[in-house]
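Written out below as structure tokens is the structure these notes cover.
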Amino acid sequence: MSVQAPDEARQMAATKKRAQFSALLGLTLVALLALMWILLAFSTRAFWTYGNISNLMRQGTVVAILAIGETFVIITAGIDLSVGAVVGFSTVIIALLLGSGVPVPLAILITLLGGLVIGAFHGFGITKLGLPPFIMTLATLTAIPNIGFLITNGATIQIQNDAFSSFSTGDFLGVPNLFWMVIVVAIPAYILLHHSRYGRYLFAVGSNREAARLSGVNTVGIVYMAYMVSGLCAAFAGVLTSIRLTSGSAIHGQGLELEAIASSVIGGASLFGAIGSVHGPLLGSFILTTISNGANLMHVNSFWQKIITGGLIIVIVYFDGIRRKKR
Amino acid sequence: MTPAQNGKDQATGAVATAAPLLVLKKLDKRFGGTHALKAVDLAFETGEIHAIVGENGAGKSTLIKLLTGVYPRTSGEVFWEGKPVALATPHEAIALGINAVHQEVVLCPHLSVAANLFLGDEKVRYGLLEHGAMVRAGQKILDDIGFHLPAAALLSTLTIGQQQLVATARAATRGTRFLIFDEPTAYLTRSEATQLFALIQRLRANGVTIVYISHRMEEVFQLADRVSVLRDGQLVGTQKVSETNEKALITLMINRAIEQVHYKESVPFGNEILRTEKLSGKGFQDISIRVREGEVIGLYGLIGAGRSEFVQSLFGRFPKTGGQIFWDGKPVEIRREKHAISRGIALVPESRRDQGLCLNLGVGLNLNLPIYHRLSKVSVINPFAETAAADKQIRDVQIKTASRDTLASSLSGGNQQKIVLGKWLNHGAKLFIFDEPTTGVDVGTKAEIYKLLAQLLKAGAGVILISSYLPEVYDLSDSLHVFRRGRLVATHDSAHQSEKALHETILTQALGV
């Protein structure tokens with residue numbers, strides 16, 4: 001017993017340290033975001049204005065929602081490359097539905113259902129056909145936009161709907177409507193991930209699928225769930241995109257999957273699985289949005305924006321890795 | 001050179017005259033706040049077999065990693081043939097002639113046996129690989145050292161035991177002068193272990209220094225010249241094997257006397273839990289057994305005898321092809337794992353790292369994994385119930401952990417095994433299937449696992465125990481079934497014969513000689 005006591009004290013200290021580190025990661029991202037905002041506020045007068053901040057919130061919405069869904073998949077040690085394609089596809093679907101006179105709520109519902117079906121298809125390919133997630137979603141990333149182009153004959157469909165266009169520019173309690181949608185997604189996602197048993201199973205599947213299965217977890221169901229959440233988020237992001245751009249085209253959302261993955265990883269998710277949160281990708285996506293917003297205001301060449309973003313991803317994830325190793 | 005010249009006599013008797021091959025002076029290693037190895041002074045003679053024993057977490061693995069250059073040391077000195085060496089990289093260690101055979105096989109499963117033997121040292125002509133020549137040379141190496149293995153076969157087609165032998169052959173044939181074995185027999189069958197021991201004796205006769213790490217005391221006494229004991233990172237003693245005994249070593253290792261390592265409390269048997277009648281499936285045929293409350297059924301046999309396949313089919317892994325399973329006296333179908341789990345069958349798997357634990361998640365989550373449906377309402381978890389369930393289990397099973405949020409990976413092997421057990425205690429399973437529960441577990445933890453077993457039995461559970469370690473199955477089981485080539489060849493009830501005679505009988509039955 002006497003030998004044990006110092007051991008326990010040491011472990012206790014280690015655990016405390018770990019908890020501090022985890023909080024620190026959240027804090028460092030908040031601090032990074034705050035630092036960027038302060039620097040931008042001082043270097044360009046246009047940044048810290050109501051108009052620009054609410055614009056930034058609108059710009060960040062779509063990637064933030066995609067990143068939340070993507071994080072669910074990444075926690076299972078998977079990846080969903082199709083989310084950008086699903087965004088474009090969903091804008092086409094909702095534009096067609098609205099064009100043929102379907103009421104708005106029903107049109108949204110059908111579009112979201114489409115996202116769920118695509119997610120379930122991913123789950124099927126990964127669990128039943130045994131395809132690696134990268135390949136399965138690469139296939140749909142390749143195919144889905146072209147289904148959209150086939151439907152529209154390559155054209156862009158304009159959406160004529162007043163309720164739609166007023167929603168995208170409107171606000172509620174001074175906060176843009178679109179940003180409220182992030183909260184509408186984040187709260188249930190947070191409860192699902194951190195306070196429901198399915199969330200625990202998600203982490204378990206990402207950590208050790210075999211152990212989870214031997215513990216009675218329906219691992220196939222959990223993988224389905226992860227991709228369906230991602231598909232649903234992508235379809236919802238598609239609905240919001242169609243609202244912002246008042247048009248439907250399979251070209252919308254192109255390349256967004258990479259921003260979603262980057263946001264998730266900047267937010268601390270591990271591509272090896274079992275590590276991730278809901279607030280992480282939110283912060284990650286708004287860091288990315290701030291870079292592009294700030295760079296635009298400061299008239300930085302858009303090529304430079306992407307170069308800075310790439311560099312920042314390496315730096316943030318590198319430091320995160322160091323922090324994890326120190327644990 | 002005869003073995004007598006260069007073997008045991010020299011190593012143990014003439015220590016003072018021969019210069020030691022490798023000397024450690026105040027070797028020290030810290031990982032952050034953890035002091036893993038504390039000022040170890042140790043000398044390894046040329047051509048001796050030096051056993052190192054100690055509980056899990058005593059510092060054995062750390063010592064190996066320092067000697068093989070995997071970790072840099074924090075302080076202290078290492079002398080190789082009297083000259084100071086840095087041992088900063090694995091490459092440097094290998095160049096000196098220091099090699100290790102690890103407990104887990106670290107080879108490439110998708111390459112052939114020969115390709116693995118020559119990995120990093122391929123035979124090349126005109127920049128092209130000479131596959132044929134390597135297979136021939138590889139086969140010659142294997143034949144020479146007496147391992148009956150095909151050099152052209154893919155490594156992944158061999159059993160874990162055979163792969164372990166390939167790893168040994170690889171380490172033994174590369175100009176090795178100092179060879180470390182870490183629990184080499186954990187996955188070996190008896191005949192494979194015999195082949196390995198023969199090789200070890202031969203290497204020593206050729207002047208190779210062997211460091212032999214094992215939890216199995218009888219191997220230490222069978223093989224080693226000297227034995228060193230580590231406890232909590234400190235070297236607590238080095239003795240000639242001829243001058244000590246098992247009990248004294250164990251006392252040194254754990255610093256408390258253990259009365260009996262394998263003990264079992266007899267519990268009166270209750271109702272029948274599970275019965276199979278002529279159950280057949282992939283790898284086994286016509287198996288009829290019965291488990292009652294409070295009873296331990298031991299299954300013994302060589303690897304590939306069908307024991308594992310049989311219990312996996314009870315757990316819904318491979319559905320049966322014939323026969324019948326009765327649960328609580330009623331015929332049942334178990335076609336999936338979840339059917340087994342929901343009835344109350346728990347599998348404590350052989351490889352806790354691969355199958356038992358979510359290593360990079362918390363202890364509490366691991367413990368609660370099978371019972372989250374009970375801890376939540378409409379799927380939302382009650383956080384108080386969750387922490388209470390985890391804390392209760394940590395207390396009940398005495399898991400040494402700082403908190404329920406500590407990552408499972410940071411616990412010692414024995415405590416990890418306790419998590420695997422604890423989660424099924426939480427679940428309230430009725431029948432426990434243990435697949436090699438004490439592989440790679442130290443004496444102290446082993447005793448605790450046995451204690452847990454007794455606890456399960458008293459609570460009215462039944463146990464099916466699979467172990468390749470005969471003394472273990474023999475001592476713990478109320479009745480012992482011997483498997484050979486997929487069939488049940490014998491059943492022994494509690495021991496009436498003398499222990500040794502029965503051991504021999506069982507072995508003969510398992511081997512079929």
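Note that these values count all heavy atoms, side chains included, but never hydrogens, waters or copies made by symmetry. Numbered from 1 within each chain, the chains take letters A, B, ... in sequence-line order.
Only the side chain of B:Ile341 comes within contact range of chain A, judged by heavy atoms closer than 4.5 Å. Interface residue B:His373: backbone and side-chain heavy atoms are both found under 4.5 Å from chain A. Both the backbone and the side chain of A:Arg213 come within less than 4.5 Å of a heavy atom of chain B. Using a 4.5 Å cut-off between heavy atoms, B:Arg336 does not touch chain A at all. In this structure, the portion of B:Ser376 lying under 4.5 Å from any heavy atom of chain A is its side chain and not its backbone. Interface remark: B:Pro349 contributes side-chain atoms only to the contact with chain A (heavy atom separation under 4.5 Å). Only the side chain of B:Leu365 comes within contact range of chain A, with heavy atoms under 4.5 Å apart. Interface residue B:Glu337: only side-chain heavy atoms are found under 4.5 Å from chain A.
Heavy-atom pairs under 4.5 Å with chain A peak, among B:Asn360, B:Leu375, B:Leu347, at B:Asn360. In terms of heavy-atom pairs under 4.5 Å with chain B, the best-connected choice from A:Asn208, A:Ile191, A:Val205, A:Leu192 is A:Asn208. Of the listed residues (A:Ser215, A:Gly199, A:Gly206), the one with the most heavy-atom contacts under 4.5 Å to chain B is A:Ser215. Options B:Glu386, B:Lys377, B:His427 differ in how many heavy-atom pairs under 4.5 Å they form with chain A, and the most are formed by B:Glu386. Your options are A:Ala204, A:Gly273, A:Ala212, A:Gly216, and the one with the most heavy-atom pairs under 4.5 Å with chain B is A:Ala204.
Side-chain N or O atoms of B:Ser156 include one that pairs as donor or acceptor with a backbone N or O of B:Pro109 at under 3.5 Å. B:Thr74 places a side-chain N or O within 3.5 Å of a backbone atom of B:Arg30 that can act as its donor or acceptor partner. In terms of modelled atom types and a separation under 3.5 Å, the side chain of B:Asn366 and the main chain of B:Leu357 share no donor-acceptor contact.
Residue-environment remark: NZ (B:Lys38) exceeds the threshold of 12 foreign heavy atoms within 6.0 Å.
Of the inter-residue distances, the one linking B:Asp435 atom CG with B:Gln312 atom CD reads 7.0 Å to the nearest 0.5 angstrom. Atom CZ in B:Phe318 sits 10.0 Å away from atom OG in B:Ser308 (nearest 0.5 Å).
Looking at heavy atoms from C-beta onward, A:Val175 lies out of side-chain contact with A:Ile183 at the 4.5 angstrom threshold. Side-chain contact between A:Phe72 and A:Tyr227 is absent, with no heavy atoms from C-beta onward closer than 4.5 Å.
In summary, the side chains of A:Ser264 and A:Thr71 do present a donor paired with an acceptor at a separation below 3.5 Å, with no hydrogens or angles considered.
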